[in-house]
Asks: 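Would you mind keeping the following structure in view while I ask a few things?
Values reported hereafter were calculated over all heavy atoms of this structure, with side chains retained and with hydrogens, waters and symmetry mates removed.
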Amino acid sequence: VQLQASGGGLVQAGGSLRLSCAASGRTFGSYNMGWFRRAPGQERQFVAAISWSGDSTAYADSVKGRFTVSRDNPKNTVYLQMNSLKPEDTAVYYCAADHGSSWRLGIGYDYWGQGTEVTVSS
């Protein structure tokens, strides 16, 4: 599966953005999907994930209550709605696909898209 993330940009603190990740291929609906981010000078961090069916989600503590992950399988797309953005959310955001059982932990993802940059100004 090939992944293409989009929707990043510059936003003021307290604002919102919605990231999208479009997938190619007919098997999108069989993958658990995750969002990750890498801030300048830091390691990649798990942000959120959603099961293949969309009925189960997982979030990093730092984004709980502010970010929402969702998916539209007929459209081969997963979303990350980001509200109440903070300067510390500034990072390059990546989407990834996983067939394994550890998707909630943010490990074992097999396919990665290119990132989309999010900058939150104070």
Asks: Treating Ile, Leu, Val, Met, Phe, Trp and Tyr as nodes and any side-chain heavy-atom pair under 4.5 angstrom as an edge, say whether Val47 and Tyr109 lie in one connected cluster.
Replies: no
Asks: Would Leu17 end up clustered with Met33 when hydrophobic side chains under 4.5 Å apart are linked, directly or stepwise?
Replies: yes
Asks: Would a distance-only check, ignoring hydrogens and angles, find a side-chain to backbone donor-acceptor pair under 3.5 Å from Thr90 to Val120?
Replies: yes
Asks: Give the minimum heavy-atom separation between Leu3 and Cys21, together with the two atoms involved.
Replies: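 Taking Leu3 first and Cys21 second, the nearest heavy atoms are CB-SG, 3.9 Å.
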Asks: Count the heavy atoms of every other residue, nucleotide or ligand shown that sit under 6.0 Å from CD of Gln2, and state whether that count exceeds 12.
Replies: no
Asks: Is it true that the side chains of Arg18 and Gln81 contain a donor and an acceptor less than 3.5 Å apart?
Replies: no
Asks: Between Ser121 and Leu10, which heavy-atom pair has the shortest distance, and what is it?
Replies: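 Closest heavy-atom pair between Ser121 and Leu10: CB-CD1, 4.4 Å.
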Asks: Can you tell me if Arg104 uses its side chain to pair, donor with acceptor, with the backbone of Ala58 under 3.5 Å?
Replies: no
Asks: Can we call the ring centroids of Phe36 and Trp112 under 6.0 Å apart?
Replies: yes
Asks: Quick check against the 3.5 Å criterion: does Asn32 have a side-chain atom that pairs as donor or acceptor with the backbone of Trp52?
Replies: yes
Asks: Quick one: are Glu88 and Ser62 in side-chain contact, heavy atoms under 4.5 Å?
Replies: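 They are not in side-chain contact.
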Asks: So do the side chains of Val78 and Trp35 get within less than 4.5 Å of each other, counting heavy atoms only?
Replies: yes
Asks: How long is the straight-line distance from CZ of Phe67 back to CG of Leu19, given to the nearest 0.5 Å?
Replies: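 Result: 8.0 Å between the selected atoms.
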Asks: Measuring only between side-chain heavy atoms, which start at C-beta, is Arg37 closer than 4.5 Å to Val63?
Replies: yes
Asks: Are Asp89 and Lys86 close enough for a salt bridge, meaning some N to O gap below 4.0 Å?
Replies: no
Asks: Can you tell me how far the OG1 atom of Thr27 sits from the CG atom of Asn76, to the nearest 0.5 Å?
Replies: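 CG of Asn76 is found 8.5 Å from OG1 of Thr27.
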Asks: Are Tyr31 and Phe46 co-members of a hydrophobic cluster defined by side-chain heavy atoms under 4.5 Å apart?
Replies: no
Asks: How close do Asn83 and Ser16 get, counting heavy atoms only, and between which atoms?
Replies: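 Smallest heavy-atom distance, with atoms named: OD1-OG, 2.9 Å.
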Asks: Given 3.5 Å as the limit, does a donor-acceptor pair link the side chain of Asn73 with the main chain of Ser53, or not?
Replies: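 Side chain of Asn73 to backbone of Ser53: no pair is present.
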Asks: May I ask you to check if Arg71 and Phe28 form a cation-pi contact, with NZ or CZ under 6.0 angstrom from the six-membered ring centre and within 45° of the axis?
Replies: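 Because its charged atom sits under 6.0 Å from the ring centre and within 45° of the axis, Arg71 does stack over Phe28.
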Asks: Under a 4.5 Å side-chain heavy-atom rule over Ile, Leu, Val, Met, Phe, Trp and Tyr, are Leu80 and Tyr94 clustered together?
Replies: no
Asks: Can you name the nearest heavy-atom pair linking Thr116 to Gly7, along with the distance?
Replies: OG1-N, 3.8 Å
Asks: Does one hydrophobic cluster hold both Trp103 and Tyr111, with members joined at side-chain heavy-atom distances below 4.5 Å?
Replies: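 In one cluster with Trp103: Tyr111, no.
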Asks: Report yes or no: does Gln114 contribute a side-chain atom to a donor-acceptor pair with the main-chain N or O of Ala5 at less than 3.5 Å?
Replies: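 Checked: pair present.
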Asks: Just by distance, do the side chain of Tyr59 and the backbone of Val69 share a donor-acceptor pair under 3.5 Å?
Replies: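 Yes.
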Asks: How close do Val92 and Gly115 get, counting heavy atoms only, and between which atoms?
Replies: CG1-CA, 3.6 Å
Asks: So how far is it from Arg38 CZ to Glu43 CD, rounded to the nearest 0.5 Å?
Replies: 8.0 Å
